[in-house]
Amino acid sequence: MQALIDLPVVKNLNSRVRAVLGVAGLFLVYFIALRLPSVGPWLERKAPFAVIVIGLITGTVTSLLAIGLILIYRANRFINFSYGAMGSLVGVLGLAMYKQHGVPYFVMLPMFVVIGVVVGAVIELLVIRRFQNASRLILTVASIGLAQLLGGLELLGAKALGFISLTGGFEVPLDFHLQVGVKTLAGDELLIMIAVPIVIAGLAWFLLRTDSGVAVRAAAENSDRALLLGIPVRRLATIVWCIAGGLSALTYLLKAPFAGVTPGVANGPTVLLPGLAAAVVARMESLPVAFAAGLGLGITEQVVRWNSTGSPSFVDVAYLVVILVALLIQRGTLSRAMEGATSSWSSTGVVKAIPRELRSLPEVRWVKIALLTIVGLAFVIVPGGWSSSSQLLAAFAMVWGMVAVSLVILTGWGGHISLGQFGIVGVGAIVGGNVLARSHQDVFVCLLAAGAAGALAALLVGLPALRIKGLFLAVTTLAFAIALDSYFFNPDKFSSFLNIEIIRPLLWQRFDLENNYDMYLFCLGFLLLAVLAAVGVRKARSGRVIIATRDNQRAADAAAVPTMTVKLTAFILAGFIAGVAGGLHVQIQHSLAQHTYSPVDSITVFATAVIGGLGSISGALLGVLLFRYLETVTALGDLRLLITGTGLLVVLYALPGGFGQLLLLVPSRVADKRVEGNADKAADEVDLLATALTEDAGEAAEELVEASQ
């Protein structure tokens, strides 16, 4: 396929022409196949023409979603994970006014699309501009916090309007029915057929025929040059966000009649996935290709649903495959600008170790020992007086703490953003739970098997990381988590593995883990082991090369560091810890159930770890455990999403190192910004790195990390 794309005749064609030829070619192949005696009857059963038509219609909605994502990416160079929440916030409130308060549908629809435009402008002015000097990866993470904030506002607004959910969709007030083969086109399809061409034509006219549209395209190509030419880049960015906000709201409102409505953020990643897949196929830059990809994905979704009525969730697996194939094929064509200003998690603001000059001071050494002792005793003694239900929640919190430790290794030190960590936890839970329930092995053997399964799953996710990094790796891990949750963790599909009942074992013939306090202590012990393992890795040579590779991979390559092996090592170690956490989690809850390891949990644990400080174990644990506690405070109720989202935005803006940055405020503990000087010379960096990677050069390694920051 890549060879075909690289043909000179194909490469010289306009992107719009290539998109049209691609779609036309697919239809030509389809109709030719229908005429073949040996293929036609089979193809008609597997993909009737009516299914293709429905796929084209619904695919245009996916195309709109992808176009909005690409517009924002080209304007600000980051992947907006809050894009779906922007549309659902406006769409849910609009549908609430229609269903609960009698606002006419065709009054509500344009009115709330305009409100979506306003919401896009407000977000750009109040949030996005605050991060204009931050790395693109920090801005991507900020969009996750923004999604949680918008989801909280959506939930509160829907409840205030008396609109909880709408399962199964509804009929659009258009008296239209058209029989096309085995399918019936109704008012919702007709509305899409009317609205989408008008929107696409208007968008094309704006971008191609107006001065502002031409300026938007110019600024997207090179914002610095546009500024030098006097183009108002900031004002154009606001215009782009207005358009994207309106497209997001329209997309949600057009899809709601056949997809249903559930206020909140639970379905946010799943709603966003089709648009992400189409945008990735278009390399986050070509709107015509994105439109064609959306049509293709719409057809794929309808064909899959037609042929697997019992497993429509297989569509999510198809999206994952599309994303992986598209990124791996196009990796060689992505420019530096496409990959963003930063390709891995920035170390700006990361909490450093206590300076060598202070470590030997008695007041520092004894204060550290005293704090660790007090915290350790508190974690052991205080929960003993809690109720059994509170002890159970504390056990779950320890599991989340282990996931936070795995994220510190993978993201904080390794630089790879993972938005699918709870998918790996689920893999460990399935393997560990089945070994315990069916083979009746020792509990430690079960946890070892769970850890090995988690490491293998992380390795499979990490292999694309050898070619895909930064923003796009976040997309692949999110798609991985969604596919696992919706299809592979579906008890209706894999009942033999998922329909099990776990009985907690009697540990050492003395400790009954059915007692929630004993189970809590058991989980606490494994959290401590995870922390000790991570600390040991960080102090060893392997930890130093992980961080050195994150900070400057080119210098590491020049110093003969096996950077590919280093990346996979971080994935495997983090996956093993997450897998063991899954083995503990399944014992706590006694069973496996779908949506237990949802993508929303992966995003939540990542966000709370960033709030605490993803560069340090203590900071990440502080953030995750604090917010796990806040979830038990019933007085907060639906405010939890608002607190988490707002907290993440505030921390990323004011304290990039998280709350852990405030634990001990001395000048050399907070990472400085990079200063141009001798360390910026490639030869100096290679020399420093070569010295740091020797077996007995621990202190030199710390100097390298400080110099590279």
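Quick note: numbers below take in every heavy atom, side chains included, and nothing from hydrogens, waters or symmetry partners. Each residue takes its place number in the sequence, starting with 1.
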Given Ile409 and Val537, is the side chain to side chain contact (heavy atoms under 4.5 Å, CB included) satisfied, shown in steps?
CA-CA 9 Å; Ile409 297 172; Val537 168; 5.7 Å; no

Dump the intermediate steps for side chain to side chain contact (heavy atoms under 4.5 Å, CB included) on His590 and Glu514, then the final yes or no.
CA-CA 10 Å; His590 290 100; Glu514 287 292 343; 3.0 Å; yes

Do Asp601 and Trp400 pass the side chain to side chain contact (heavy atoms under 4.5 Å, CB included) test, and can you show the C-alpha distance, the side-chain angles, and the key distance before you say yes or no?
CA-CA 10 Å; Asp601 287 337; Trp400 279 62; 3.9 Å; yes

Walk me through whether Met398 and Leu584 qualify under side chain to side chain contact (heavy atoms under 4.5 Å, CB included).
CA-CA 9 Å; Met398 296 302 102; Leu584 293 170; over 6 Å; no

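Every residue two or more places apart in sequence or in another chain that forms a side chain to side chain contact (heavy atoms under 4.5 Å, CB included) with Asp485 is listed here: His595, Ser598, Pro599.
Contact check for Leu478 versus Leu273: no side-chain heavy atoms found under the 4.5 Å cut-off. By the 4.5 Å heavy-atom criterion applied to side chains, Thr596 and Phe489 are not counted as neighbours. With contacts defined as side-chain heavy-atom distances shorter than 4.5 Å, the pair Leu649/Arg130 does not qualify. Side-chain contact between Leu161 and Gln100: absent, with no pair of heavy atoms (C-beta onward) separated by less than 4.5 Å. Contact of the Leu621 side chain with the Val405 side chain is registered, since non-hydrogen atoms from C-beta on lie closer than 4.5 Å. Residues Ile546 and Arg538 have side chains not in contact (no heavy-atom distance under 4.5 Å, counting atoms from C-beta outward). Residues Ile603 and Phe81 form no side-chain contact, since every pair of their non-hydrogen atoms from C-beta on lies 4.5 Å or further apart. Two residues are said to be in side-chain contact when any heavy atoms from C-beta on lie closer than 4.5 Å; Val610 and Thr411 fail this criterion.
A pairwise comparison of heavy atoms in Ser82 and Ala147 identifies CB-N, 3.6 Å as the closest pair. Taking each heavy atom of Val605 and Ala404 in turn, the nearest pair found is CG2-N, 4.5 Å. Taking all atoms of both residues into account, the shortest heavy-atom contact from Ala455 to Ile572 is CB-O, 3.7 Å. Between Ile424 and Gly454 the shortest heavy-atom distance is CG2-O, 3.5 Å. Minimum heavy-atom separation, Trp386 to Ala394: CZ3-CB, 3.8 Å. In plain terms, the two heavy atoms of Gly428 and Ala450 that are nearest each other are O-CB, 3.2 Å.
Checking side-chain atoms of Thr477 against main-chain N and O of Leu419 turns up a donor-acceptor pair under 3.5 Å.
Checked against Asn516 for a side-chain hydrogen bond (donor to acceptor under 3.5 Å, both in side chains), the options Ser388, Ser389, Ser390 give a single hit: Ser388.
Atom CD1 of Ile611 is separated from atom CG of Leu626 by 8.5 Å, given to the nearest 0.5 angstrom. Taken to the nearest 0.5 Å, the CG atom of Leu521 stands 12.0 Å off from the CG atom of Leu528. Expressed to the nearest 0.5 Å, how far OH of Tyr83 lies from OG of Ser248 amounts to 4.5 Å. A distance of 12.5 Å separates CG of Leu524 from CG of Asp518, quoted to the nearest 0.5 Å. Put simply, CZ on Phe522 and CG on Leu447 are 5.5 Å apart, with the number rounded to the nearest 0.5 Å. Note that the CG atom of Leu527 and the OH atom of Tyr520 stand 9.0 Å from one another [nearest 0.5 Å].
Under the 30°/60° scheme for interplanar angles, the aromatic rings of Tyr597 and Phe422 are found to lie parallel.
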